[in-house]
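Ligands are counted one by one from 1 in listed order, and the atoms in each one are counted from 1 as well.
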Amino acid sequence: MQVLKFGGTSVGSAERMQALVKLVANPHPKIVVLSAMSGTTNALVEIANALYNKEPGKANELIKKLEEKYLTEVAKLYKAEVSLNKGKQLINYHFDYLRSFTLDMFTSNEEKAILAQGELLSTALFHFYLEEIGVKSVLLPSLNFMRIDENEEPDLTYIENNLQLELAKNQEANLFITQGYICRNAFGEIDNLKRGGSDYTASLIGAAIRAEEVQIWTDIDGMHNNDPRVVNKTHPIHELSFDEAAELAYFGAKILHPTCILPAQKRNIPVRLLNTMQPQAKGTIITSSNHNTGIKAVAAKDGITAINIKSGRMLLAYGFLRSVFEVFERHKTPIDMITTSEVAVSLTIDNATNLPAIIKELEAFGNVEIDKDQAIICIVGDFSGEKKGYANKVFDALKEIPIRMISYGGSAHNISVLVNGDQKKDALIALNKGIFNYN
Ligand code: ASP
Ligand code: MG
């Protein structure tokens, strides 16, 4: 069994849904995971915000606008009167449900129910379309098997057992359609895997059924060696290891959600990135058995805050770093990069929500300095081979760029450097030239 995930643009219009059929209607057994039609989840967030702000009138307008978009698309999607009526009824049902929230109290539980409507709509509309053209498929309700626990972590045993039950109800079927992103929480309420979470759904399902392969279909032919929005020339990387892909996904390669790697990696399920616009292209295959060494790609993450703590107490002391890390732990703020000297430590965070409180506590240790708007440039590959020359290559390429921090050796897959945010573009261009020989 394969798992194929299609993102919002791949189901973003009637034409795109119709084009999807070519990719899913073959006898190979598969579970197809769909996102909401593009723009929908953002629109649902806006609706929820209006309701939080006690603006039911505005919410109703936004609901109406979104509903019109769906009505236009279904009119193009279906040919038969019966299918069109089914589609319209479905839209009515979900939008009446959305409207019901404008009449009542509004809390985060209701918000999550609102956010779930996009995936419920896209999957059912696509399923009706397959039905109309005579392709047999089964709609799997992901709210019956996808679940997170009290710590908001996926409950893989629950997912595995309940997905098996759902699949067993339709033993002869070979095409299942299900919703990405949405799930239930430990209390059985509707919840989600956070924005962009459909990739995560696909990987979790892949792990749960021990799939042959998880395919993530998008609009680009795999992960590229550099950010195509910044540099002129890039190439797709055909093979990556799970570790390399995780670093790239986390440090800015938008094509894959970073959480998507772990479940597949745990059970050694290959993840393939493919392009709906160019289905024949090779894409990127991510496995545990890729041993190509060398630098494979660079990526950048902006909006980084660097924090420097300078303290005489650090000299020859033990336990100092622990006390510093505990501050971040108390404020639930992950640290990305860290470098130390004998009397100072610099680290970076990308979520600065609790920064004022963090600074206040850190000031008890010594002098604290903050640099906002930094960027992490991450160079990814397998540096375990020759073990020499990689750092030289990177710094030679970056010789004109002022560097604030360097991190090398944390793993054999990553060299990270911190630069001022306005140097990000130049750094990526310089690396494209120095490492990949693109001008
Ligand atoms: N529809 C959700 C979002 O826009 C999940 C996804 O597309 O992966 O965040
Ligand atoms: Mg996505």
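- Under a 4.0 Å criterion applied to the non-hydrogen atoms of E119, ligand 1 contributes the atoms 1 (N), 2 (C), 5 (C).
- The side-chain heavy atoms of F436 and L431, taken from C-beta on, include no pair separated by under 4.5 Å.
- The closest approach between any non-hydrogen atom of G196 and ligand 1 is below 4.0 Å.
- Those atoms of ligand 1 with a heavy atom of S198 less than 4.0 angstrom away are 5 (C), 6 (C), 7 (O), 8 (O).
- Annotation: side chain of M146 is in contact with side chain of T201 (closest heavy-atom distance under 4.5 Å).
- Looking only at side-chain heavy atoms (C-beta outward), K296 and E239 stay at 4.5 Å or farther from each other.
- Taking the ring centre of Y250 as origin, the terminal cationic atom of K301 falls inside the region bounded by 6.0 Å and 45° from the ring axis.
- A cation-pi contact, defined as under 6.0 Å to the ring centre and within 45° of the axis, links K86 to F128.
- Counting the atoms of ligand 1 from 1 in the order shown, those under 4.0 Å from a heavy atom of G197 are 5 (C), 8 (O).
- Listed by number with element, the atoms of ligand 1 under 4.0 angstrom from any heavy atom of S35 are 6 (C), 7 (O), 8 (O).
- Every atom of ligand 1 is numbered from 1 in the order shown, and the set under 4.0 Å from a heavy atom of R195 is 3 (C), 4 (O), 9 (O).
- Remark: ligand 1 atoms within the under-4.0 Å shell around heavy atoms of T41 are 1 (N), 2 (C), 3 (C), 4 (O).
- A donor-acceptor distance shorter than 3.5 angstrom exists from the side chain of D149 to the backbone of E152, with no hydrogens or angles considered.
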